[in-house]
Trainee: 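Following this message is one structure expressed as structure tokens.
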Amino acid sequence: MTFTTRIPRRNILKGMGLAAGASLLPGALRPLYAASVAPITIVINQSPWFESFSKTVEAYEAETGNKVELDVNPFAGSLEKQRNSVRASAGQYDILIMNSGWFAEMYAGGFVEAITDIDPGFKLDPDVYTLGDTIYYDAANKTMTKAGKLMSMPVSPLIPMLYYRGDLYQEAGLSAPKTFAELEANAKKFHNPPDMYGIVQRGARGPHTVAYDFYPYLYGFGGGIFKDQATGDYSVTLNSDHGREALDYYVRLAKEAGHPKTAAADQAEVIQAMVTGHSAHIMMVIAAWSQMDDPNKSAIVDKVEWAPTPSVEGFPTSPGLGHWLAGISKNVPDDRKRAAVEFLRWFQTKAAQLETAKAGGIPVNAAVYKEPIADERRYRWMKPLAEALPHAVNIYQFPEASEVISVLELGLNRAVAGEITTTDALNGMSDEIEKIMGGHSYKTGKLDPLK
């Protein structure tokens with residue numbers, strides 16, 4: 001495996017505990033699914049789950065002898081490279097690792113070729129999570145449904161989970177919070193700044209930052225952004241009473257039990273607060289789980305527990321999908337498309353996904369969560385994740401999602417920073433989102449402004 005990135009490959013391998021050229025899993029994965037296919041290039045983002053993916057790719061190369069180049073980029077840089085490549089006369093990248101915020105753009109734009117169009121004999125492993133059926137797309141009806149074609153393969157089924165200090169909970173005789181009221185009470189109980197914050201939240205503005213972390217609160221309070229995307233009704237409901245309750249709660253939690261600089265906190269700062277022992281809770285994407293028990297990064301090894309994100313009475317846990325999908329670019333040569341299919345055929349298997357879990361990643365194959373590994377202390381996050389995944393919400397089903405996300409990022413950041421009231425933030429964001437959807441000729445509308 002080679003890396004196209006500013007990060008020297010030997011440094012990445014050193015971080016994995018591997019020497020260059022070492023075989024990661026000699027003979028571990030059988031049967032041999034792919035052999036003698038063209039080299040492929042995968043464009044991917046640098047993220048908490050990247051290392052596990054790269055190790056899985058190493059295993060694929062060791063098993064098959066096939067070559068994979070990883071072009072590694074920051075989040076926004078990966079999107080820019082994908083957009084440029086798919087619009088070129090000849091694509092640079094064979095597999096696009098697409099985030100939940102932009103895969104609809106790639107589907108609707110015709111930039112991704114259906115896996116089953118490349119290989120009609122391809123069969124999706126029945127245990128692979130379809131993640132709200134987002135791996136399928138019906139181009140005629142512009143919907144994500146199993147009635148459509150298989151457009152991609154899940155790479156990382158990411159959702160946020162509640163991380164909490166199990167040792168502190170045990171000392172206080174508390175159980176994992178299931179409701180937001182319980183979370184708030186517990187966060188305030190442990191809040192003792194600056195040594196300990198009750199909870200550290202993400203509030204910074206970014207490509208998909210504060211908005212992503214707000215979704216479990218918004219949907220967990222019974223709110224939402226649109227009335228009914230599945231039926232094509234994009235009437236904006238963000239500024240409902242449920243939406244106001246959610247944002248009021250988010251801001252109040254930051255002020256009364258959170259970090260004083262929540263509005264500037266991004267993912268790295270939130271994780272850092274937890275691993276250094278300065279936060280009793282975080283609500284963070286599950287991909288960061290391995291850092292909690294890494295003695296080279298964490299001062300709280302074996303002290304963190306996981307639970308589904310809380311909700312209010314009468315509503316289920318509602319984590320927003322922040323997953324990643326692998327799609328095959330339409331504008332690359334046929335031999336590279338077929339090679340990409342072979343990689344995905346191998347990647348979806350239980351054996352490959354079991355190794356992904358051992359490498360610190362999040363398996364896309366449900367069968368792995370039923371293996372003995374899920375009972376091991378190190379993988380104590382697996383059962384709570386399996387409990388939460390069926391309730392995950394697909395936030396966006398349309399290609400212009402990035403425009404809506406930009407509106408949310410600015411409005412939510414300003415509300416968290418105290419620059420505007422939560423009411424003004426929700427009304428302003430709703431107005432802008434309604435204009436965006438109307439400008440793209442979607443059926444839309446909006447609620448009366450909150451007072």
Trainee: Report yes if the distance between the aromatic ring centroids of Trp324 and Phe50 is under 6.0 Å, otherwise no.
Mentor: no

Trainee: List the residues meeting salt bridge (Lys or Arg N to Asp or Glu O under 4.0 Å) with Asp375, not counting sequence neighbours, and say none if there are none.
Mentor: Lys383

Trainee: Is the distance from the ring center of Phe347 to that of Tyr60 below 6.0 Å?
Mentor: no

Trainee: Applying ring pair (Phe, Tyr, Trp, His ring centres under 6.0 Å), name anything that partners Tyr250, two or more places apart in sequence or on another chain.
Mentor: Phe214, Tyr217

Trainee: Please report, to 0.1 Å, the donor-acceptor pairs under 3.5 Å made by any side chain of residues 281-290, with sequence neighbours excluded.
Mentor:
from   : atom 1 : to     : atom 2 : distance (Å)
His281 : ND1    : Gly198 : O      : 2.7
His281 : NE2    : Tyr169 : OH     : 2.6
Trp289 : NE1    : Gly360 : O      : 3.0

Trainee: Do Lys81 and Asp71 sit within salt-bridge range, that is, some charged N less than 4.0 Å from a carboxylate O?
Mentor: yes

Trainee: Among residues two or more places apart or on two chains, list those pairs meeting salt bridge (charged side-chain N to carboxylate O under 4.0 Å, His left out) that have a residue in residues 202-221.
Mentor: Arg202-Asp213, Arg202-Asp266

Trainee: Quick one: list whatever passes ring pair (Phe, Tyr, Trp, His ring centres under 6.0 Å) with Tyr215, sequence neighbours left out.
Mentor: His208

Trainee: Give the intermediate values and the outcome of salt bridge (charged side-chain N to carboxylate O under 4.0 Å, His left out) for residues Lys178 and Glu182.
Mentor: CA-CA 7 Å; Lys178 295 183 178 181; Glu182 292 171 344; over 6 Å; no

Trainee: By side chain to side chain donor-acceptor pair (under 3.5 Å), which residues pair with Glu184, not counting sequence neighbours?
Mentor: Lys188, Arg252

Trainee: Quick one: do Arg345 and Glu342 make a salt bridge, cutoff under 4.0 Å?
Mentor: yes

Trainee: Which residues pass the side chain to side chain contact (heavy atoms under 4.5 Å, CB included) test with Phe111, sequence neighbours left out?
Mentor: Val86, Arg87, Met106

Trainee: For Asp431, is there an ion pair with Lys446 - N to carboxylate O distance below 4.0 angstrom?
Mentor: yes

Trainee: May I have all residue pairs that pass side-chain hydrogen bond (donor to acceptor under 3.5 Å, both in side chains) and include part of residues 154-168, sequence neighbours excluded?
Mentor: Arg165-Asp167

Trainee: Under the rule for side chain to side chain contact (heavy atoms under 4.5 Å, CB included), what residues qualify as partners of Val393, not counting sequence neighbours?
Mentor: Tyr219, Ser318, Ile395

Trainee: Just say parallel, tilted or perpendicular for the rings of Phe226 and Phe398, cut-offs at 30° and 60°.
Mentor: perpendicular

Trainee: Could you check whether Lys189 pairs with Glu171 (Lys NZ or Arg NE/NH1/NH2 to Asp/Glu carboxylate O, under 4.0 Å)?
Mentor: no

Trainee: I'd like to know if Lys261 and Glu269 make a salt bridge, using a cut-off of under 4.0 Å between side-chain N and carboxylate O.
Mentor: no

Trainee: Not counting sequence neighbours, which residues clear side chain to side chain contact (heavy atoms under 4.5 Å, CB included) with Leu150? List them please.
Mentor: Ile115, Thr116, Phe122, Leu124, Ile135, Tyr136

Trainee: Nearest 0.5 Å please: distance from the OH atom of Tyr369 over to the CD atom of Glu387.
Mentor: 13.5 Å

Trainee: Please identify each residue that fulfils ring pair (Phe, Tyr, Trp, His ring centres under 6.0 Å) with His242, with sequence neighbours left out.
Mentor: Phe315

Trainee: Taking only residues two or more places apart in sequence or in another chain, which ones pass side chain to side chain contact (heavy atoms under 4.5 Å, CB included) with Ala254?
Mentor: Gln201, Thr262

